[in-house]
There are 2 protein chains.
Amino acid sequence: MTEATRRERLRAETEREIRQAARTLLVENGQDAVTLRAIARKLGITAPALYRYYDSHDALLRQLCDDICADMAAALYANLAADTSGQVGCKVRAVCHAFRRWALAHPQEFALVFASPRDPLGADQFGSVFLQLAGPLIASNEDANHVGEEVPAVLHEDLVRFQQVLRDAVAEHGVTLADEVLNLGKIYHVVQSWVRLYGHVALEVFGRFPFAVSNPEPMFDSMLDQMLADIGFQEN
Amino acid sequence: MTEATRRERLRAETEREIRQAARTLLVENGQDAVTLRAIARKLGITAPALYRYYDSHDALLRQLCDDICADMAAALYANLAADTSGQVGCKVRAVCHAFRRWALAHPQEFALVFASPRDPLGADQFGSVFLQLAGPLIASNEDANHVGEEVPAVLHEDLVRFQQVLRDAVAEHGVTLADEVLNLGKIYHVVQSWVRLYGHVALEVFGRFPFAVSNPEPMFDSMLDQMLADIGFQEN
DNA sequence: CGGTTTTAGTGAACGGTGTTTACAAGAGTT
DNA sequence: AACTCTTGTAAACACCGTTCACTAAAACCG
């Protein structure tokens, strides 16, 4: 079964421990606490040994970001699967709520992955995770609304590119979409929804609402209602 | 004139230099480069001397945040004053564009002030700067629209509190607002606008749009159009 | 099996960091 | 002139990322 040699197994195990130690440090003590020496201390080895696994501290942080994204994607998919209502609107709500809950429960991870002026955009990065869900959800809402709705002409080029991204994402799930379903108007509203979703969650996680909000969840719900209405889902 | 003693003047001058050195380091080399020793080097003094001015590295960073906020506020007010159209919609657009331009031109500052999981919310923090502008702008649009519009009851309490914040902000400019003008429906839309504005700008600065956007400005303009329509300003 | 190569880990070192402490020198005050 | 307060220094401590020479064990190979 295990085709790996003994050494490869040990190496994989150590690498797993490194990632887990880094993650624990991030969660419990913040980004600045994720130091090579602290990680090494947790594993009972010395700091230079980590260079056998990662080229630099920065590379290790990048790996950490990828792990976090993967975990969040898994959490979102799990919440999506847990919704058995069959109604698309409910599924969208479930995913959005899961995103908010995850961000609030993992503020350090959210800040690291989301709001650092890092490299332009990794292939397996954050937004793509969320929007790989958007494709199938749109696909399952076959109403061809928003057709012919006015979308500024300057945006067409970018929206068509995004349309292709969504089409590819859906294709991986074995579904092909007609242009009437995935029309530009709807795509535009998806982007707008992403802006609002991210805006609300980031403001809440970073505590940057312009006034004290006693309980932001109803405000989030209210925003979701409007988003879903804009995007063309019938009221729940 | 100068009521300060010689020593007080020197101290104030040194403090000014410290702030400026910190700012330069942040802009030119990123947040990690804002080091006590680097700042001291720029001033030709040693690092421990800085402890005569700030309790800790963290306190200095907090001061830096306040400076940045003040500068951005000044930039926004300048752009507001530069718009002589007299039309409120144009003024709103000017401020929003100024915010986006400032964030894109100062990504390091934006990231530091905006997206670090710091203390809940400083008194002179970011959102408040922007929304101190919102009050007067709303005030100058006397149309009592959105009256009686449905706003979820759970949000009333928070919105009333925010209403008071805006009223106070406007009062500082010597204006008092009637409830019909500053009604809850409009307040709600202001908050929603802040969410969208922040969402777009943060996504753009951090490069977290889910697909490559060739030129995000038209998308921003388009969002502003919809925002202004939602909030009840007549089309420009 | 014996010899060789590859690998994972060590320990010491370099230059960097925030911070504390003891101390010196000048400015201001009486 | 004597005293205090302020502003700076120098040395030290513990930590950081990173490099380098080196060891010991694992894997490979004839």
Side-chain angles (χ1 to χ4, degrees), chain A residues 1-65 108 112 116 118-119, chain B residues 2-65 108 112 116-119:
Chain A
M1 290 302 147
T2 63
E3 286 296 336
T5 69
R6 176 177 129 83
R7 201 139 68 178
E8 277 167 336
R9 270 184 292 112
L10 285 179
R11 183 180 180 81
E13 173 65 18
T14 304
E15 192 165 347
R16 229 184 42 87
E17 287 180 28
I18 293 174
R19 294 184 189 194
Q20 190 191 319
R23 189 70 169 276
T24 303
L25 285 166
L26 174 66
V27 171
E28 294 182 352
N29 301 99
Q31 184 171 173
D32 292 346
V34 186
T35 53
L36 292 184
R37 287 184 151 93
I39 295 170
R41 240 176 275 131
K42 284 212 172 214
L43 301 210
I45 61 179
T46 60
L50 294 175
Y51 283 82
R52 302 290 176 190
Y53 298 87
Y54 295 96
D55 285 344
S56 68
H57 181 241
D58 204 64
L60 201 154
L61 276 196
R62 243 189 298 278
Q63 172 67 58
L64 185 52
C65 284
Q108 301 283 1
L112 177 65
S116 20
R118 289 202 171 282
D119 26 278
Chain B
T2 63
E3 286 295 335
T5 69
R6 176 177 128 84
R7 202 140 66 176
E8 277 167 337
R9 270 185 293 110
L10 285 179
R11 182 179 179 82
E13 174 64 19
T14 305
E15 192 165 342
R16 228 184 44 86
E17 287 181 28
I18 293 174
R19 294 185 189 195
Q20 189 190 320
R23 189 66 169 277
T24 303
L25 285 165
L26 173 66
V27 170
E28 295 182 353
N29 302 99
Q31 184 172 172
D32 292 347
V34 186
T35 293
L36 291 185
R37 286 185 154 92
I39 295 170
R41 240 175 275 132
K42 285 213 170 209
L43 300 211
I45 61 178
T46 61
L50 295 174
Y51 282 83
R52 301 291 177 192
Y53 298 86
Y54 295 95
D55 285 345
S56 68
H57 181 241
D58 203 65
L60 201 154
L61 276 197
R62 242 189 298 278
Q63 173 65 59
L64 185 53
C65 284
Q108 301 282 1
L112 178 65
S116 20
R118 289 201 173 285
D119 27 277

Of the listed dA8(C), dG8(D), dC16(D), the closest approach to the Ile45(B) side chain comes from dG8(D)
Could you check whether Arg19(A) pairs with Glu15(A) (Lys NZ or Arg NE/NH1/NH2 to Asp/Glu carboxylate O, under 4.0 Å)? yes
Legend entry - Thr46(A) side-chain N/O to dG9(C) phosphate OP1/OP2 under 4.0 Å: no
Between Arg52(A) and Leu36(A), whichever has its closest DNA chain D nucleotide further toward 5' is Leu36(A)
Between NE2 of His57(A) and P of dC16(D) the distance, given in whole Å, is 10 Å
#### Entry: Side chain Thr35(A), main chain Ala38(A), donor-acceptor under 3.5 Å
yes
**Report entry** Residue-phosphate contact under 4.0 Å: Tyr51(A) side-chain N/O, dT18(D) OP1/OP2
**Finding:** yes
From CG of Leu10(A) across to C1' of dA8(C) the rounded distance in Å is 10 Å
Ranking dT18(D), dT19(C), dA10(D) by distance to the side chain of Ala47(B), first place goes to dT19(C)
Comparing Pro48(B) with Pro48(A), nearest DNA chain C nucleotide closer to 5' gives the residue Pro48(A)
Quick note, Arg41(B) side chain, CB onward, closest among dG8(D), dT19(C), dT17(C) is dT17(C)
Check: Base, sugar-phosphate, or nothing: which does Tyr53(A) touch, judged by heavy atoms less than 4.0 Å apart?
Finding: sugar-phosphate
Per nearest nucleotide of DNA chain D, the residue lying toward the 5' end, Gly44(B) or Arg37(B), is Gly44(B)
